[in-house]
Amino acid sequence: MEILVASAIGILTAAGIYLVLRLRTFPVILGISLLTYAVNVFLFASGRLAVGAPPILRDGVEVYADPLPQALVLTAIVISFGMTAVVVMIGLGAFLGSDTDRVDDPAEDAS
Amino acid sequence: MSLFLIVALPFLGALLPGLMNSAGRAACAGVTFVVTLAAFVGLMTNLPAVAAGEVVSVGVDWIPIVGLNFNLMLDGLGFFFATLILGIGLLIITYARHYLAREDHMGEFFTYLLLFQGAMVGIVLSDNILLLLIFWELTSLSSFLLIGYWKHLPEGRQGARMALTVTGMGGLALIGGMLILGNIAGSYDLSVILQSKDVIQDSPLYLPALILILLGCFTKSAQFPFHFWLPHAMAAPTPVSAYLHSATMVKAGIFLMARLWPVLSGTPEWFVIVTTAGLITMCLGAVIALFKHDLKALLAFSTVSHLGLITMLLGTGTKFGAWAAVFHIFNHATFKAALFMSAGIVDHEAKTRDIRLLGGLRVLMPITFVIATLAALSMAGIPFLNGFLSKEMMLEEANHTTLFGMPWLVPVLATFGSLFSAAYCFRLIGHTFLGPVRESYPAKPHDPGFGLWGPPAILVVLVVAVGVAPFLATPMVQLVASAVVGEAGAFDDKYIKIWHGLVPALYMSIIAVVGGLVVLAMFKPLLRAWDAAPRPEAKTIFEALISGVVALAQGISHTLHNGAFSRYAAIAMITFIAVGYHAWQTGTVGEASRVIQEAGPVAIAGWLLLVAATIGLVLMHRRRLLALVLIGIVGLMVSVGFVYFSAPDLAMTQFTVEVVTIILLLLALNFLPKQTPVESSLSRRLRDGGVAILGGVATLILSYHYLIRDAVTGPISEFHLANSYKGGGGTNVVNVILVDFRGFDTFGEIIVLGIAALLIYALTETLLNGPVRARLLNRRPDQARAGDVHPMMMVVLTRVIMPVVLMVGFYIFLRGHNEPGGGFIAGLIVSIAVVMQYMASGFNWASDRVRFPYHGVIGAGVLVAGLTGIGSWFVGKPFLTSDFTYVRIPPFQEFELATAALFDVGVFLAVVGAVMLSLESFSRLARRAHDKDSDHPMDIDPSREDDAQAVKGA
């Protein structure tokens, strides 16, 4: 089970990195989203994996999943929505303003 | 009056001139005057205590953990400087009221002036050196504003920038020096530091601290080699020059040297550095001043020269030196401020300050002539004026000072400096006021009104009074000099006298005055020689230095920052991997301590789906719509994973966020190209693939190692589990952490979310109001529109479902404290319900029915959460302390009421507002671009057609 989660994080990260390195805004945004999944799952996994032990207190139950990473990741998910929205807006604005969705500045602007 | 109030008054008063601006110039100046007067009177109420030798002090802890306390103290030295600052301030305000032209913005000027005044008073009353540093920087900033007050003049802007650069750099050095000093002494409080002379001087860090502190003092007080900024600061309006650059700010460095004199002086290092810098500055300034044709430039260099004189006196480290320095600070402030104001009067009336164009003003401006002449003669060191007394003391002290083993060096240089000092004073009088009346002044000069000549006249009265009757100033100098050397009553038996007998100092004085006259007689040939001699121009050097640094910085940043995002991203990724690898190599890994869990078929199936979708996404990312579908699957599988691994709250959040994210991306994709073209070369793709695989493998290994081991130290989660019900009143520990244990974090997060949404809104507004607007209006949809954009089935269905979804949201919200759910998730669910209405019935129809603007919803959410937190103050608890109770209202069962639920309402509102504002902004762009959206919910509406036919039939 651990190797499944670890490999999922690894594959999400690899795919995220590859897409972030693309040259157009849309794949970069997708890549950032994949990295967000990877990071969130990674943080979540820092509480270690527990099956069938949700952190909802019940009488007579002693073992619970670690609630703290869950709480932190919950807000991270919502915040990353806000950040994705901002990045999408910036990408969209740049496209509407310049009619191109390349992420790299043209070479003549670079100097 | 409390010292706090004295320091605070100018700052508080700084608000007034701006407000009074429309009430007229007199009101503006008047309110500034009254504020300053109040502070001055307040200061004077402390006079009896200070005169009795007491040190008045008040203090509160500000940030005690770093030793920064808001401690103020008032001793003789502080009192003396505060009196100068506020007293001369009063005169300057009167003068400025009449000096500034009609088109100058009065409120702005007096606001800056009061800010500066407050900062200066703060410096001289600070008992804590960190506090002093804050005020020190404030003077640099406020003087920057004042020097550049005439924004239309390039010299003003350049001078302001140069002053800020030089004093700002000095300020940085000073911070370093003060921190070292405070570290050596073990406290940042001056009262402690001043008692630690031996510890400080024995410390190996004494010399670095001394050099850094002196850098701060020398830059501020324009000592060689940092003297060059002061003349350029003369582009400021004359009241500023008179106030900042003669009486107050440039004395801040002197003040600090005097303040720290008891602990820093007396060592060979102090003596050599300070005395040498002072001597060079004194001579250099005096010589340059003689050859300046601009009255203010002449006075600026003479100020540099006199500051050098005072620095040299402090450098000798003897008590007599301190005594003479204090007296000269006072004398210089009086005659120099008077001279600056006189120069301003000449400029104001004759419309020029060029000495070569002036002369003969004695007849035209007799009052100004008397004032300026008395002040200039005092500066030249003529008997029966106060400058003579302190200059004699300086020469006396110079006679007893041996520098570099040469006993003649200091006296000769001191006499040389005095000689040129006398020469430029005579030139000022002779070439401006004496001589024949000219016909060629740019304007016809005449004496101004009392408002302009009154303030300098008052100062000149002091100049003469002290010069004739030095016993008037004796008690003050005794008091202040004792404070400088840090021994109460050290000078009680010392008196200022005019006649000392035929001592060497007298002969030196005579040589200086006679020599000054001789130099003036030979002025023309000297000037020719001066103009012919090559001289380094400080401004050119400074500008070259600055442009060199700028070029270097640009070279670096343009190379690194060439606009290619993909390159930065690649460099960042490779760096992360490399740093991670280094950490991995150097860290230690313990034994695997957890039992590996068996993976069931469900888990493997989920994993396969996730991996397939991810790989498919990479392979097919060029088809963007398909990519969205695939990323939706990824998100879904992540949500399922959360369910599987006992995180129901996360799953619900991820799932709902997924929905709104996909809608958002669809809205964006509406405009963006639907395909990504192939652009990167194969080698580049291989490189990126290599980096990606490296990164993926690294995270895989890291996560795996992490998952098969227990944490090195036990996590703090046990506390949350144990206290969730007892302390937070909820059984859903995740929710209790969010709204209670870590409520402050959540509070910050909803604010961030709100800011993100507002940012999106602002960007949309900017786009819609910019050139993009026209482009959007002319844009043709790049794919065919559906004939029935808002189908009736969907409209009806979403309306039926709306109350149900709201109910679910409400339910999820309420159960949140004890079961999976809560404000975040409920907010997302309700947002989806509202979004459905937009999608089904159209933007116009839906937004007409929204009663509250989404900004307001965000604001209300943050406000509710914040007020819930503040509410706990009223019961004497810290911010966001929660409480709960159980109530029973028949016919319901017993239920819980918790303040945390109120906080969760805030979270809920903020989430709804933020999500809706973001999505609405995107749709507004779309609405601008396409055909007009109908006001009706359905494109094909049978009932409406009936209406239309009914109308037609009737």
Side-chain angles (χ1 to χ4, degrees), chain A residues 1-4 6-15 17-21 23-24 26-27 30 33 37 41-42 45 49-57 64-68 70-71 73-75 77-79 81-82 84-86 88-89 92-93 95-97 101 103-105 109-111, chain B residues 562-566 569-570 573 596-597 599 603 607 610-611 614 618 621 624 627 631 638 645-650 653-654 657 661 664 668 672 676 679-680 688 692-693 695-696 699-700 703-704 707-708 717 720-721 725 731-734 737-738 749 752-753 756 759-760 763 767 772 824 918:
Chain A
M1 191 86 85
E2 276 75 7
I3 191 70
L4 289 187
S7 59
I9 295 172
I11 289 165
L12 285 172
T13 310
I17 293 177
Y18 182 76
L19 290 179
V20 161
L21 297 177
L23 297 174
R24 298 286 178 144
F26 197 77
L30 292 180
S33 297
Y37 292 132
V41 175
F42 179 76
L49 302 177
V51 179
I56 313 288
L57 301 179
Y64 296 104
D66 192 343
L68 195 58
Q70 296 194 15
V73 170
L74 197 154
T75 50
I77 293 171
V78 180
I79 294 274
F81 163 72
T84 308
V86 171
V88 171
M89 189 71 225
L92 186 56
F95 174 72
L96 292 175
D101 62 345
V103 292
D104 291 351
D105 282 348
D109 290 358
S111 56
Chain B
N562 64 351
F565 172 82
S566 56
M573 291 302 167
I596 305 265
Q597 301 174 49
W607 181 85
L610 178 80
V611 172
T614 312
V618 171
H621 77 269
R624 294 182 172 182
I631 204 166
V638 171
F645 293 113
S646 320
D649 288 274
L650 282 191
T653 315
Q654 183 72 62
V657 161
T661 309
L664 182 105
L672 293 171
T676 307
E679 280 176 324
S680 43
D688 293 347
I693 288 172
T699 41
L700 187 156
S703 322
Y704 185 66
L707 284 171
I708 58 171
S717 312
H720 297 120
L721 287 167
Y725 189 69
T731 53
N732 180 1
V733 188
V734 174
I737 291 174
L738 284 175
E749 275 148 7
V752 171
L753 194 64
L759 177 59
I760 291 169
L763 284 169
L767 283 177
V772 169
F824 274 110
S918 315

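Numbers restart at 1 for each chain; the letters A, B, ... are given by sequence-line order, proteins then strands. This one's a predicted model, so the numbers in the text were calculated from it and none came from an experiment.
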Counting heavy-atom pairs under 4.5 Å to chain A, which of [options] comes out on top?
options                                : value
B:Phe565, B:Phe824, B:Tyr704, B:Trp607 : B:Trp607
B:Val618, B:Ile596, B:Leu721           : B:Leu721
B:Val752, B:Asp649, B:Asn732           : B:Asn732
B:Leu650, B:Leu664, B:Val772           : B:Leu650
B:Met573, B:Glu679, B:His621, B:His720 : B:Glu679
B:Val657, B:Ile693, B:Ile708           : B:Val657

Chain A contact via [X] - which portion, at a heavy-atom distance below 4.5 Å:
X        : result
B:Tyr725 : both
B:Val638 : side chain
B:Leu759 : side chain
B:Leu767 : side chain
B:Thr661 : both
B:Leu610 : side chain

Checklist entry - Given a strict heavy-atom distance threshold of 4.5 Å, which part of A:Leu19 is in contact with chain B: side chain, backbone, both, or neither? => result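 The side chain, not the backbone.
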Checklist entry - Does any heavy atom of chain B fall under 4.5 Å from the side chain of A:Phe42, the backbone, both, or neither of them? => result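 Its backbone and side chain both get close to chain B.
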Next on the checklist: Ignoring hydrogens, what is the shortest heavy-atom contact between A:Ala6 and B:Leu707? Give both atom names and the distance.
Outcome noted: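 Scanning both residues, the minimum pair turns out to be N-CD1, 4.3 Å.
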Checklist entry - Looking at A:Val103 and B:Ser566, what are the two nearest heavy atoms and their distance? => result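 Of all heavy-atom pairs spanning A:Val103 and B:Ser566, the closest is CG2-N, 4.5 Å.
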Next on the checklist: Using modelled atom types and a 3.5 Å cut-off, is there a donor and acceptor pairing between side-chain atoms of B:Gln597 and backbone atoms of A:Leu49?
Outcome noted: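 Flag set: sc B:Gln597 to bb A:Leu49 pair under 3.5 Å.
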Checklist entry - Is there a donor-acceptor pair closer than 3.5 Å between any side-chain N or O of A:Gln70 and the backbone N or O of B:Ser646? => result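 It does hold such a pair.
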Checklist entry - Got a sec, which residues hit side chain to side chain donor-acceptor pair (under 3.5 Å) with B:Asp688, two or more places apart in sequence or on another chain? => result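 Checked B:Asp688 against side chain to side chain donor-acceptor pair (under 3.5 Å); matches are A:Arg22.
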Next on the checklist: List the residues meeting side chain to side chain donor-acceptor pair (under 3.5 Å) with B:Thr653, not counting sequence neighbours, and say none if there are none.
Outcome noted: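 By the side chain to side chain donor-acceptor pair (under 3.5 Å) rule, B:Thr653 matches no residue at all.
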Checklist entry - Nearest 0.5 Å, what's the OG1-CD1 distance between B:Thr699 and A:Ile17? => result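 Atom-to-atom, B:Thr699:OG1 and A:Ile17:CD1 are 6.5 Å apart.
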Item to check | A:Leu68 CG to B:Ser717 OG distance, which is reported to the nearest 0.5 Å | outcome: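 If I round to the nearest 0.5 Å, the distance is 4.5 Å.
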